[in-house]
Each structure stands twice: as structure tokens, then as C-alpha cells.
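The figures here come from the full heavy-atom set of this structure, side chains too, leaving out hydrogens, waters and symmetry mates. None of these values were measured; they are calculated from a predicted model.
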Amino acid sequence: MEESSPRTRTWREKLVTIAAILVGLALLAALAQALVLRGPWILFRPAAIETQAASAQRLEADVRFMSIDCHPRNYQHHENRRRVTDMVAARFSEAGLEVSFQDFELREGRFRNVLGRRKGTDPTASGTVIIGAHHDSCFSTPGADDNASAVAALLEMLRLTAGNEYRRDQLFVSFANEEPPFFGGKDMGSHRLAEKLVADGEAVHFMLALDMLGYYSDEKGSQPSPFPGMKWLYGDRGDFIAVAGDLGSGPGLKLVKRAFLASESLPIRSLRSPRELGWVNLSDHSSFWENGLPGVMLTDTGPLRNRNYHGPGDTADTLDYEKLARVVRGLQAVLVVADED
């Protein structure tokens with residue numbers, strides 16, 4: 001057999017080199033994409049922020065009230081929703097907030113956002129800090145994780161921070177109409193509020209939507225990923241809390257991650273991706289995006305992890321209230337970090 005000519009060997013070497021370069025570029029592109037999706041990254045652990053221990057018992061009691069005593073609380077059951085909003089308003093008042101309501105009429109009935117404002121101490125501090133959770137459930141489901149867990153966490157965080165002073169104004173909201181048939185439309189309670197904020201000229205420094213915070217598992221394989229190939233980035237155990245946003249949500253994602261890392265909370269992971277890919281827009285923060293305002297979502301990853309999502313099995317006895325209590329520590333720290341320049 002004849003040996004390859006020097007010219008042939010040279011071309012083969014060039015082809016191998018080109019192929020290696022292309023593979024390397026593809027790997028670098030994949031790494032860059034992964035860094036963007038999982039980012040923003042906190043390279044150094046922030047200084048500790050002092051927080052108070054939350055009560056797992058109180059959290060469970062609130063979830064049981066909403067998911068059992070007020071079941072169902074979907075758009076068709078006005079009395080049950082009224083009992084929830086009355087409870088939220090009373091607890092907002094107990095925490096020292098200025099309570100108000102945003103009522104709106106639809107053909108399906110009257111719906112109500114409950115608002116609680118804590119005035120800041122510095123008139124020059126620009127932008128309001130907003131944290132909210134929707135109180136309605138999907139159709140006839142108990143809605144313990146979705147979304148009694150988040151409302152309970154919001155109320156417990158407010159109980160623990162009552163009397164604290166912050167530079168910026170803070171607005172806490174219990175939203176109506178996050179669930180079908182209103183999701184994604186202008187009759188979501190969060191959309192009505194975002195429109196009002198824009199109309200009133202109220203600047204928003206930071207907005208956090210709390211949606212499904214109580215379901216966890218340490219079992220291997222308990223955490224699917226929203227997009228193929230992401231298992232190696234996030235692991236496969238549902239033992240963490242996640243903060244999600246679009247590609248422009250870097251500052252909000254970083255704020256939440258700093259707060260959770262600085263407190264005695266759960267491990268936190270972030271995801272940012274284009275809105276068009278879905279998942280990162282599945283809560284009330286998307287209403288703020290639609291109105292040109294910032295927003296991110298804090299979640300246990302809901303339908304990815306919780307097989308009871310939007311089903312009859314979403315009950316109070318499926319949640320981990322000790323881990324939910326640790327999430328409340330992180331939320332206390334969010335108020336501190338969001339108050340910084």
C-alpha cells in the first residue's frame with residue numbers, strides 16, 4: 001500500500017485542526033450559555049444578615065386555613081376568597097402596614113388585591129420594593145403549595161419584621177386572579193396593580209413574586225429540569241429554592257441570591273432565559289414585565305418538582321414547613337438587601 005503524500009497528510013492535519021477548533025468553540029458556547037442561564041454568579045459569600053427564626057407551626061396553620069377551611073378559593077368561590085383576603089388584611093394591619101384594597105369588577109364577579117404599605121424613612125430613596133403572592137387557587141384544587149405556601153410565608157415574614165425600619169417604601173400584595181382563566185391576561189390582579197403603578201408614576205426598585213415555596217425532596221431524581229441538558233447544572237434533588245427571571249433580570253436575581261446566601265436559608269439557584277422559552281414567566285412578575293417594570297419569581301420550581309401541581313393532591317400534608325420556615329429567613333434578608341443602594 002502506498003503511503004500518503006506529504007500534501008495529503010497536510011490536508012488531513014488541517015482538517016483535524018479545524019474540527020478540534022469547531023468542537024472547542026461549541027464547548028465554549030455551551031459553557032457560556034450555561035453560565036448565563038445559571039447566573040448571575042456570586043463569587044464571594046456576602047456578610048451574614050441577622051434574621052429571626054420563623055414558626056413552622058404558624059406557617060402550617062395558615063396553609064391549612066387557606067387550603068382546607070377556605071377550599072376551594074378559585075375565581076368562582078367568592079366567599080372563600082373573601083375569607084382569605086380578610087385574613088390577609090388583618091395580618092397586614094397587625095404587622096403595622098397601611099392597608100388598602102384594589103377592587104375591580106369583571107363579568108365573573110368582584111375581585112380584590114390586598115395591599116400593605118410600609119413607608120420608608122428616607123424620602124430620597126428612589127423606588128418601591130414590592131413583594132407579592134397570589135391567593136387564588138387553580139379551579140377546585142386545594143392549592144396548598146400553589147399558592148397558600150407563599151401567602152403564608154409572606155405573612156410570617158411580615159410578622160417577624162413588624163416594627164423594623166427601612167429606607168425605601170415597601171409594598172406587600174396579596175394578588176387576585178393569577179390562575180386560569182385569567183393567567184396571562186389584563187385581568188390578573190398583578191396586571192391591574194402594575195398598570196396602576198405606571199399610571200400613578202410610582203417607580204419600582206425591585207419586585208418579587210412568591211409562587212409555590214413549600215414542596216421539597218432530598219431523593220435522587222426528584223428535581224427535573226425545565227430544559228434538556230440542564231441536569232448537570234442544577235442537580236436532580238429538589239432540596240433548593242429557585243429564583244427565576246428573563247435575560248434582563250440580572251440585578252433582581254443577584255439581589256435575591258445575595259440575600260439567601262447571607263441568611264440561614266435554603267440553598268438557592270437561579271435561572272434566567274428568554275421569556276419565549278417559557279417557565280421563567282409563570283407568575284405575577286410577568287405582569288410587571290408587560291408594563292415595563294422589573295420583576296423576578298421565587299419558587300420551589302412548582303410543576304417541575306411537585307407532581308401534585310394543579311391537582312387534588314396539592315394538600316397541606318405534602319409540604320415541608322421546616323424548610324418553608326428557612327425560606328422566610330431568606331425573605332427577611334431580601335428586605336435588607338433591597339434597601340441598599
Please identify each residue that fulfils salt bridge (Lys or Arg N to Asp or Glu O under 4.0 Å) with Glu60, with sequence neighbours left out. Arg64
Counting N and O atoms only, with roles assigned by atom type, does the side chain of [X] sit under 3.5 Å from a partner on the main chain of [Y], one being a donor and the other an acceptor?
{"X": "Glu156", "Y": "Arg58", "answer": "no"}
{"X": "Asp145", "Y": "Asp314", "answer": "no"}
{"X": "Arg81", "Y": "Tyr75", "answer": "yes"}

For the residue pair Lys254 and Trp41, would you count it as a cation-pi contact if the rule is NZ or CZ under 6.0 angstrom from the ring centre and within 45 degrees of the ring axis? no
Is the Lys NZ or Arg CZ of Arg269 less than 6.0 Å from the centre of Phe240's six-membered ring, within 45° of the axis? yes
Would you say the side chains of [X] and [Y] form a donor-acceptor pair under 3.5 Å?
{"X": "Asp146", "Y": "His310", "result": "yes"}
{"X": "Ser67", "Y": "Arg73", "result": "no"}
{"X": "Asp218", "Y": "Tyr216", "result": "no"}
{"X": "Gln332", "Y": "Thr161", "result": "no"}

Taking all non-hydrogen atoms of both residues into account, name the closest pair between Thr315 and Pro142 and its distance. CG2-CG, 4.0 Å
Only pairs at least two apart or in different chains count here, so list each side chain to side chain donor-acceptor pair (under 3.5 Å) that has a residue in residues 291-303. Gln223-Thr301
Testing Arg91, His135, His134 for side chain to side chain donor-acceptor pair (under 3.5 Å) with Ser174, which one passes? His135
Could you pull out all residues at least two apart from Phe111 that satisfy ring-ring contact (aromatic ring centres under 6.0 Å, His included)? His78, Phe182
